[in-house]
Amino acid sequence: MLQLYDGALDVPTLLKEWHEEEASSNYGAYIPFVGTVRSEDGIDGLSFDIYEPILNSWFASWQKKAEEQGAIIKMAHSRGDVMLHESSYIAAVFSPKRRVALEFIDSFVEDFKASAPIWKYDLKEGKRVYAKERSTAIKGSGLLA
Amino acid sequence: MLQLYDGALDVPTLLKEWHEEEASSNYGAYIPFVGTVRSEDGIDGLSFDIYEPILNSWFASWQKKAEEQGAIIKMAHSRGDVMLHESSYIAAVFSPKRRVALEFIDSFVEDFKASAPIWKYDLKEGKRVYAKERSTAIKGSGLLA
Amino acid sequence: MVRVEFLGPIQKEPLELEINNLNELSAVLKEDKEVSEWLESCAVAVNDALVTSLEAPLKDGDKISLLPPVCGG
Amino acid sequence: MVRVEFLGPIQKEPLELEINNLNELSAVLKEDKEVSEWLESCAVAVNDALVTSLEAPLKDGDKISLLPPVCGG
């Protein structure tokens, strides 16, 4: 399940809803990853653009991988502005097995960072500045160069 | 912070309280691990004994490791009986950095399984049966043999 | 006619082009000063599927997207 | 006099013993049918700190704990 929200995520509510949704699914391990906007470099917050069609297919491919291991994933992300100490990202895995869950959340979050079609901007002095230095070219980039 | 409870953990409340406690601590990543009792082998639930003095010193050594990496850990565990689909264990790491958090939760949970002085029993037909086959001898065991 | 969209931080309106494959698109965009500097770091999708070859033929109505470096989370 | 406690699933009341080191404890417990089978898989703590040597001297009032295999979570 992939949920997109305008602005910051309601972390306690999402963690609770996801836990309740799977309360009787007989998963032994539930690992959410919560990403929160840190105060650094004098930013006031972050802002996000998302390209949904490709995000959806990227997420569907990970859902399939999870299913093959008897696990499921859920994810929520913010669109637009998210201010300091607010959260913009939650990913979670549910699995019967501890090892599967620990390894899955790691590889899912890392591939999310490298591949999900989301663009990040620093909010600074009223401007929206593309976070170029922290961004990663998607695998296969440069095809047209 | 280490919290012990009689019976099942209130997962949403703990996840929420921990999130709120660190809401302005400027951590970028929050990763809880939630362990839930699975239905298998016809058990009705699990039951736990804890030896607190050694659990406290084991936890303190991990708090120190976390601190050295700019991270913190929190943990909650049940004493006594926890029934099917209830949760008995939550561990969480907060860290400025994603990689630190992902690696820390993995090594913390694995060492917890191998070293924390907690004993697990299956609840089956009204009896409390030591989960011998799933238990791990603490490193250095056999000294007196 | 295909439509070319520029995602995220690339500040450019979509183009409508008469081209038959991505090689032709590459030639067009290399001449475009607003876009040429992005080409090295952009991935390419045709009809919302990422592609890894310039050779696949394009057909009328196809949508091509340029995806600059990403940073979700 | 030291006190020896048996934790978790070892169903045995604490012992009070006059011993000077863990070697002597080992000798006593190997003769105890309730406990001897556990020794191979038990870790040992003196005053709540895990120990890895039999040689450390014991003093009056010390607490020794036997910890069988664990499984938290």
Side-chain angles (χ1 to χ4, degrees), chain B residues 2 4 9 33-38 46-61 75-79 82 87-91 108-122 127-145, chain D residues 2-58 61-73:
Chain B
L2 171 59
L4 302 178
L9 303 181
F33 175 103
V34 180
T36 300
V37 178
R38 301 191 65 222
L46 297 174
S47 192
F48 298 92
D49 288 342
I50 298 181
Y51 186 59
E52 292 189 37
I54 293 181
L55 183 66
N56 288 337
S57 50
W58 171 84
F59 187 76
S61 75
M75 181 179 132
H77 203 285
S78 298
R79 272 186 294 243
V82 180
S87 297
S88 52
Y89 177 51
I90 314 181
F108 179 79
V109 168
E110 290 301 323
D111 189 54
F112 168 81
K113 283 280 173 186
S115 311
I118 301 180
W119 295 277
K120 180 181 283 177
Y121 305 82
D122 289 335
K127 286 182 203 147
R128 197 172 188 252
V129 184
Y130 176 48
K132 188 179 175 182
E133 301 305 317
R134 277 132 59 211
S135 298
T136 306
I138 294 172
K139 208 176 150 193
S141 287
L143 192 65
L144 298 178
Chain D
V2 302
R3 181 181 170 87
V4 184
E5 296 183 347
F6 303 91
L7 300 178
I10 315 178
Q11 298 287 328
K12 186 172 171 68
E13 292 302 304
L15 300 176
E16 302 274 348
L17 297 175
E18 287 287 357
I19 53 174
N20 298 303
N21 58 51
L22 293 175
N23 264 315
E24 293 178 35
L25 178 63
S26 174
V28 171
L29 296 182
K30 280 176 180 168
E31 297 304 309
D32 184 320
K33 284 191 176 152
E34 285 176 293
V35 181
S36 59
E37 60 178 316
W38 287 98
L39 297 181
E40 190 63 58
S41 63
C42 273
V44 182
V46 176
N47 300 326
D48 295 329
L50 291 169
V51 295
T52 53
S53 156
L54 292 173
E55 305 308 327
L58 298 173
D62 278 352
K63 178 174 71 171
I64 300 165
S65 312
L66 264 72
L67 296 91
V70 297
C71 189

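Every heavy atom of this structure was used, including side-chain atoms; hydrogens, water molecules and symmetry mates were not. None of these values were measured; they are calculated from a predicted model. Chain A is the first sequence line, chain B the second, and so forth, proteins listed ahead of strands; every chain is numbered from 1.
Counting non-hydrogen atoms of neighbouring residues, nucleotides and ligands closer than 6.0 angstrom, the NZ atom of B/Lys132 reaches no more than 12 such neighbours. Atom CD of D/Glu13 is surrounded by 12 or fewer heavy atoms from other residues, nucleotides or ligands within 6.0 Å. Within 6.0 Å of CD on D/Glu40 lie no more than 12 heavy atoms contributed by other residues, nucleotides or ligands.
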Worksheet item: Would D/Val70 and B/Ile118 satisfy side chain to side chain contact (heavy atoms under 4.5 Å, CB included), going step by step from the backbone distance to the final call?
Response: CA-CA 5 Å; D/Val70 297; B/Ile118 301 180; 5.6 Å; no

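In terms of non-hydrogen atom pairs under 4.5 Å with chain B, the most contact-rich of D/Ser36, D/Ser65, D/Ser41, D/Ala27 is D/Ser41. Contacts with chain D were tallied for B/Gly35, B/Ala91, B/Ala116; B/Ala116 has the most, counting heavy-atom pairs under 4.5 Å. Taking chain B as the reference chain and counting heavy-atom pairs below 4.5 Å, the highest number among D/Cys42, D/Ser26, D/Gly73 is found for D/Gly73. Each of D/Val44, D/Val51, D/Leu7 has some count of heavy-atom pairs under 4.5 Å with chain B, and the biggest count is that of D/Leu7.
In this structure, chain D has a heavy atom under 4.5 Å from the side chain of B/Ser57, while its backbone stays farther away. Heavy-atom distances place the backbone of B/Ala114, and not its side chain, under 4.5 Å from chain D. Of the two parts of B/Ser87, neither the backbone nor the side chain holds a non-hydrogen atom closer than 4.5 Å to a non-hydrogen atom of chain D. Interface remark: D/Leu22 contributes backbone and side-chain atoms alike to the contact with chain B (heavy atom separation under 4.5 Å).
Across all their heavy atoms, B/Leu143 and D/Leu54 have their closest contact at O-CD2, 3.4 Å. Nearest heavy-atom pair across D/Pro9 and B/Tyr121 is N-OH, 3.1 Å. Heavy atoms only, all atoms of each residue included: D/Leu39 and B/Leu144 are closest at CD1-O, 3.7 Å.
Residues passing the side chain to side chain donor-acceptor pair (under 3.5 Å) test with D/Asp32, sequence neighbours excluded: D/Lys12.
Judged purely by atom type and a 3.5 angstrom limit, B/Trp119 has no side-chain atom pairing as donor or acceptor with the backbone of D/Cys71.
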